[in-house]
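Below is one structure, written out as structure tokens; comments come after it.
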There are 2 protein chains.
Amino acid sequence: MSESRTQDLSDSSAGARKPVRSGKSSATIYDIAKLAGVNPSTVSRALSKPGRVSAKTQKLIEDAAAQLEYRVNPFARALPTGRTNTLALIVADITNPTFFGIIRGAESTATARDYTLMLAESAESADTELTAARRMLTTVDGLILASPRMDDNHIRELAREKPVVVINRQVDGVPSVVPDVNKGIGEAVRNLAANGHRKVAYVAGPPQSWMTARRWEGVRAACEWSHLECIQLPSHKPTVDGGRQVARDVVASGATAVMTYNDLLAIGLMQELQAAGMQVPDRISIVGFDDIFGADFTTPALTTIRSPMAACGTEAATLLLEVLHGAEEVSPALQVETELVLRGSSGRLLAADHPA
Amino acid sequence: MSESRTQDLSDSSAGARKPVRSGKSSATIYDIAKLAGVNPSTVSRALSKPGRVSAKTQKLIEDAAAQLEYRVNPFARALPTGRTNTLALIVADITNPTFFGIIRGAESTATARDYTLMLAESAESADTELTAARRMLTTVDGLILASPRMDDNHIRELAREKPVVVINRQVDGVPSVVPDVNKGIGEAVRNLAANGHRKVAYVAGPPQSWMTARRWEGVRAACEWSHLECIQLPSHKPTVDGGRQVARDVVASGATAVMTYNDLLAIGLMQELQAAGMQVPDRISIVGFDDIFGADFTTPALTTIRSPMAACGTEAATLLLEVLHGAEEVSPALQVETELVLRGSSGRLLAADHPA
DNA sequence: CTGCTTTTGTCAACCGGTTGCCAAATATTG
DNA sequence: CAATATTTGGCAACCGGTTGACAAAAGCAG
């Protein structure tokens, strides 16, 4: 009888052909309204605005909703409001264990606050990353970029349309969550110094990576403080293969301890050195970065500096949700601490042969 | 002048305050219609239906759309049609490398066909899985379940609402993609037999896992064919720790070769055996399953049976898209082949000490 | 040039919630 | 008990596309 919404009757004939709606597609607020004997808008209010309707009506509506197994239609809600209760997370590489923690942390935080997380990967390409970001931006309330490859301006441009939080990088005017690498690096370097090492090589990551610069800076500063010599070696790619390829340079450098941009490099390096007959850690100590999945599969297990990635994910999501819920002032750069995970690949140098 | 949509004129005064549309909220088909001098519905048709409008109008509209940088509003489209151009993939555990390939494969296939993939994890819990599935089902066009933990009936129930494809499992009436384990297992068992092994232990996975049963069956059959004795050992959990814990049982069983439900078990087992002083593969051979990330980090590197997970993901997504695009008949169970990846953890038994 | 089929574009109703505005109902106060 | 302040619920417009029905325009045969 409702004056406007009578059309569903008209296609009752077609209903026989199509799989109908037979209990399927869930109930709407109109159904609830009818059942509870109130206006649809009242239902809407009861279900979203806190104390906008009387307790009595509230109960009535909630019962009806429960009875009909009502679930809001996210699209219908998103259309007028723009709110989607969805966050996007873009990572450089899903298979890179570094991101697991981030994904997990962000996912659980989002879910806990009744948001859905959409995940995309950029395959380490700045272009793909930007495309993915643009595509998702229309669909989500906010965006988390983990170790973004795109340049600052693009990031700011995205941030102008929707709230953005970056992880593992700092961009002026965009809130970020970054590990404070210095604590972990300090522990590692002190440990190396205590074990008699005098020269440390840092195997760098991709030149355009914000993070590799921070890490190198940290290593350099810590080495200076501990009066260790240190040098930086470029790597071809931040992967196991890249680590293998840099092995010769490492040996040639005369360093007795190596710190790498990430664990994959460390693992490749260790494999290649061992294959060449060098004992780890007797002849050379290796310290990775990140404590990825599998870092303890090696023999010896890899000493590494762990960034609490899950915490990064959690913090980033929390930050983003705060912004979305109207927080004006958010700390522009949140720091999470890193720590040394001491395993078998680093230790005391066996006997002589390192430069006096 | 259009009778119904005149409201935007009314706030033309406010237009001065608001940043107009200046890059902000994107153009609508109404804007295009105005610019091109046609009716909005014509714009809609030009942009979605193939040759529904004349070439001339088509061009006119496309130019206008390009000029305004138009992008369809996914919600507006989803609301009346139900189509979202989105697929959901639910995996048991994001950090389990087994799923990387699946995710990658599904993601790239979806993206290539202009669909977006939403990812959720179930944390290995049947309940969480079902909840996640139900939640996403309202938002997506179809669902891929990788190694689902929930029971057949729940899966069928979901499949009744939206198209579903399962990976690593078979459910009556639901299309699936499963690795054909027999090829890989056959290769592995033949290899073990050729290396003088006579007794093989299979370390099983979670009892409710469909896959562990398939693998055990395959191992049993292959061993029978090759006249090897074989036994099944339960494991506590399908993880590295679970592998460590089962080491004593393995030794006690007297088997000289072990095949495990997955690589994590194999790695844990190997670590524990080595820690107890048993040489691998001199005293015991170990064959894992899946060839996960990190399987070659160990010393010796792990021999394992690889399932082409990326292919599974690709096939599953393709299958799902076919169903969505109206394919009536889809092959109910697509098989992808497995293969033995021979590395260092398996080989010839050194000397005596195995049962005659 | 007329009559009929095929294109092509317009109208208007709808998808399912949200929200500003207003009036009825209820509570508070003098 | 009247008068005013406060709740509470209803109305209706709107978000931005989609689509069935229909009429105008164009194409074509006779």
Side-chain angles (χ1 to χ4, degrees), chain A residues 2-11 13-14 18 21 24-34 36-61 65 68 70-85 138-139, chain B residues 1-11 14 21 25-34 36-61 65 68 70-85 138-139:
Chain A
S2 57
E3 51 311 316
S4 57
R5 316 201 134 243
T6 42
Q7 167 267 9
D8 30 349
L9 299 176
S10 65
D11 67 337
S13 59
K18 288 189 170 184
R21 74 163 6 66
K24 290 294 122 80
S25 63
S26 44
T28 72
I29 57 168
Y30 297 93
D31 299 326
I32 298 181
K34 209 176 298 171
V38 299
N39 189 286
S41 59
T42 306
V43 176
S44 173
R45 291 203 178 90
L47 265 29
S48 37
K49 302 280 194 279
R52 177 63 221 275
V53 305
S54 69
K56 204 181 45 153
T57 315
Q58 178 86 27
K59 173 101 175 57
L60 202 61
I61 290 173
L68 294 172
Y70 169 79
R71 340 201 41 173
V72 331
N73 177 326
F75 306 114
R77 196 205 304 263
L79 191 46
T81 62
R83 273 183 287 112
T84 65
N85 268 230
T138 67
T139 330
Chain B
M1 291 316 122
S2 57
E3 51 310 316
S4 57
R5 318 203 132 241
T6 42
Q7 166 268 10
D8 32 348
L9 298 176
S10 65
D11 67 337
R21 80 160 356 72
S25 63
S26 46
T28 72
I29 56 169
Y30 296 93
D31 299 324
I32 299 180
K34 209 176 299 170
V38 298
N39 189 285
S41 57
T42 306
V43 176
S44 173
R45 293 209 173 85
L47 264 29
S48 38
K49 301 280 192 281
R52 177 64 220 276
V53 305
S54 68
K56 202 179 48 154
T57 317
Q58 179 85 28
K59 173 106 174 55
L60 202 60
I61 289 174
L68 295 172
Y70 169 78
R71 339 199 42 172
V72 326
N73 178 326
F75 306 114
R77 173 175 299 187
L79 189 47
T81 63
R83 272 183 288 113
T84 64
N85 269 228
T138 68
T139 330

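Remember, it's a predicted structure, so these values are computed and weren't measured experimentally. Chain identifiers are assigned alphabetically (A, B, ...) following the order of the sequence lines, protein sequences preceding nucleic acid strands; residue numbering begins at 1 within each chain.
- Atom CD of B:Gln58 is separated from atom CG of B:Leu60 by 10.5 Å, given to the nearest 0.5 angstrom.
- Residue B:Asn73 places no side-chain N or O under 4.0 Å from the OP1 or OP2 atom of D:dC15.
- Between atom CZ of residue A:Arg71 and atom OG1 of residue A:Thr28 there is a gap of 15.0 Å, rounded to the nearest 0.5 Å.
- Residues B:Thr42 and B:Thr57 meet the side-chain proximity criterion, which asks for heavy atoms closer than 4.5 Å.
- Using a 4.0 Å heavy-atom cutoff across all strands shown, B:Thr81 reaches sugar-phosphate atoms only and no base atom.
- Residues meeting the side chain to side chain contact (heavy atoms under 4.5 Å, CB included) test with B:Ser48, sequence neighbours left out: B:Ser44.
- Residue A:Lys56 is classed as having no contact, given no heavy-atom separation below 4.0 Å to the nucleic acid.
- The side chain of B:Val72 lies closest to D:dG17, out of D:dG17, C:dT10, D:dG9.
- Residue A:Ile29 has its side chain nearest to C:dG17 when only C:dG17, D:dG16, C:dG9 are considered.
- Backbone-only engagement by A:Thr28 is indicated by non-hydrogen atom pairs under 4.0 Å involving sugar-phosphate atoms exclusively.
- Base engagement by A:Ser44 is indicated by at least one non-hydrogen atom pair under 4.0 Å involving a base atom.
- In this model, the phosphate group of C:dT19 is approached by a side-chain N or O of A:Lys49 to a distance below 4.0 Å at OP1 or OP2.
- To the nearest angstrom, P of D:dG10 lies 11 Å from CG of A:Leu60.
- For A:Asn39, counting side-chain heavy atoms from C-beta on, the closest listed nucleotide (C:dG9, D:dG9, D:dC11) is D:dC11.
- Between the CG atom of A:Asn85 and the C1' atom of C:dG17 there is a distance of 14 Å, rounded to whole Å.
- Base contact: A:Ser41 has a heavy atom under 4.0 Å from a base atom.
- Note: CZ (B:Arg71) to C1' (D:dG17) measures 16 Å, nearest angstrom.
- Dashed line: the shortest gap from a side-chain N or O of A:Arg77 to OP1 or OP2 of C:dT18 is under 4.0 Å.
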Passes side chain to side chain contact (heavy atoms under 4.5 Å, CB included), A:Tyr70 versus A:Ile29? Steps please.
CA-CA 8 Å; A:Tyr70 169 79; A:Ile29 57 168; 3.4 Å; yes
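- In terms of phosphate contacts, B:Tyr70 brings a side-chain nitrogen or oxygen within less than 4.0 Å of OP1 or OP2 of D:dG17.
- Residue A:Leu79 contributes atom CG, which lies 12 Å from atom P of D:dT18 at whole-angstrom precision.
- The interatomic distance linking A:Phe75 (CZ) with D:dG16 (P) rounds to 17 Å, in whole Å.
- Straight-line distance from the CD1 atom of B:Ile61 to the P atom of C:dG9: 7 Å, rounded to whole Å.
- Per the geometry, NZ belonging to A:Lys59 stands 18 Å off P belonging to D:dT8, to the nearest Å.
- Under the rule for a side-chain hydrogen bond (donor to acceptor under 3.5 Å, both in side chains), the partners of B:Ser41 that lie at least two apart in sequence or sit in another chain are B:Asn39.
- Across the protein-nucleic acid pair, B:Asp31 atom CG and D:dG16 atom P stand 9 Å apart, rounded to whole Å.
- Checked by distance alone, A:Arg45 brings a side-chain donor or acceptor within 3.5 Å of a matching partner on the base of C:dG20.
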